[in-house]
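Shown next, in structure tokens, is the structure this report addresses.
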Amino acid sequence: MATVAASRHVVAVPYPGRGHINPMLVVCRQLAAADTALAVTVVVTEEWHELLAAAGVPATLPDPERVRLATIPNVIPSERGRGADHAGFIEAVAAKMGEPVERLLDRLALERRPDAILADTYLTWGVAAGAARGIPVCSLWTTPATFFLALYHMDRWPPVDGPEGEEGLAASPSSSSCC
């Protein structure tokens with residue numbers, strides 16, 4: 001079957017964690033399946049590329065001209081030990097991952113300029129990277145909708161530092177109703 005050359009290009013940048021990369025890959029597969037004129041480049045660290053390759057993920061992707069993996073250097077702590085210093089991992093993603101992604105965006109623009117960036121919501125620097133290049137950025141929220149709902153309605157949560165403290169929160173009648 002002949003491959004149709006893609007006329008549009010999306011660069012997808014997941015947060016470097018299992019609960020973020022897997023949903024991003026699902027969305028990328030769905031986008032490619034829905035639009036034959038779309039190519040998607042998924043950006044991962046070199047370590048994540050090795051993990052995905054060992055799991056056979058590249059073989060499950062559509063035509064490599066349509067959905068492909070691109071790597072940035074391992075500028076963040078290893079996936080294997082990140083639990084030992086989770087706060088440090090989060091800080092490293094925020095402070096060190098943006099620059100290599102931006103360099104990759106510039107290299108990709110020489111081949112085929114991205115028409116959009118799909119960035120994980122937790123990668124706050126993604127919007128600035130797109131804006132600096134005139135590329136629209138879409139945000140992917142990978143956590144369950146119920147968690148988003150809880151955050152959205154945080155203003156309705158009773159205070160835990162009030163006169164009743166945390167003990168009062170457990171007995172509060174409002175804690176039994178969600179919305």
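The residues of the chain are indexed from 1 along the displayed sequence.
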Distance (rounded to the nearest 0.5 Å) between H153 NE2 and D155 CG: 8.0 Å

Minimum heavy-atom distance R68-P64, with the two atoms named: CB-O, 3.4 Å

Spacing of F148 atom CZ and T143 atom OG1 [to the nearest 0.5 Å]: 9.0 Å

Test item: H9 side-chain N/O and R112 main-chain N/O as donor-acceptor pair under 3.5 Å: yes

Under 3.5 Å: donor-acceptor pair, side chain of R29, backbone of L61: no

Whether over 12 other heavy atoms sit under 6.0 Å from R103 CZ: yes

Minimum heavy-atom distance I21-P16, with the two atoms named: CD1-CA, 4.1 Å

L123 with I76, same ILVMFWY side-chain cluster at under 4.5 Å: yes

Heavy-atom closest contact (L69 atom, P58 atom, distance): CD1-CG, 4.1 Å

Shortest non-hydrogen separation from V40 to A12 and the atoms involved: CG1-CB, 4.2 Å

Pair S139-W141, side-chain donor/acceptor within less than 3.5 Å: no

Under 3.5 Å donor-acceptor, W48 side chain and T71 backbone: no

Spacing of L52 atom CG and T45 atom OG1 [to the nearest 0.5 Å]: 8.5 Å

Flag, side chain of T121 to backbone of L140, donor-acceptor distance under 3.5 Å: yes

Sidechain-backbone polar pair: E79 side chain, E47 backbone, donor-acceptor under 3.5 Å: no

Nearest-0.5 Å distance that lies between atom CZ in R113 and atom CG in D106: 10.5 Å

Euclidean distance, R80 CZ relative to L51 CG, rounded to 0.5 Å: 5.0 Å

Cluster overlap V27 with V44, hydrophobic side-chain contacts below 4.5 Å: yes

Residue pair L105, I117: steps toward the side-chain contact (heavy atoms from CB on, under 4.5 Å) verdict: CA-CA 9 Å; L105 285 170; I117 297 170; 3.8 Å; yes

Transitive ILVMFWY side-chain link L38 to M24, under 4.5 Å: yes

Cluster check V10, L104: I/L/V/M/F/W/Y, side chain < 4.5 angstrom: no

Cluster overlap L151 with Y122, hydrophobic side-chain contacts below 4.5 Å: yes

For R66 against D35, the heavy-atom pair lying closest together: NH2-O, 2.7 Å

R8 and L31: CA distance, side-chain angles, deciding distance, side-chain contact (heavy atoms from CB on, under 4.5 Å) verdict: CA-CA 11 Å; R8 290 183 296 284; L31 287 171; over 6 Å; no

Evaluation steps, side-chain contact (heavy atoms from CB on, under 4.5 Å), between Y15 and T142: CA-CA 9 Å; Y15 190 87; T142 60; over 6 Å; no

Taking every non-hydrogen atom, the tightest pair across L108 and T41: CD1-CG2, 4.1 Å

Stepwise side-chain contact (heavy atoms from CB on, under 4.5 Å) test for V57 and T60: CA-CA 5 Å; V57 170; T60 68; 4.1 Å; yes

Rounded distance (nearest 0.5 Å) linking atom CH2 of W125 with atom CE of M97: 4.5 Å

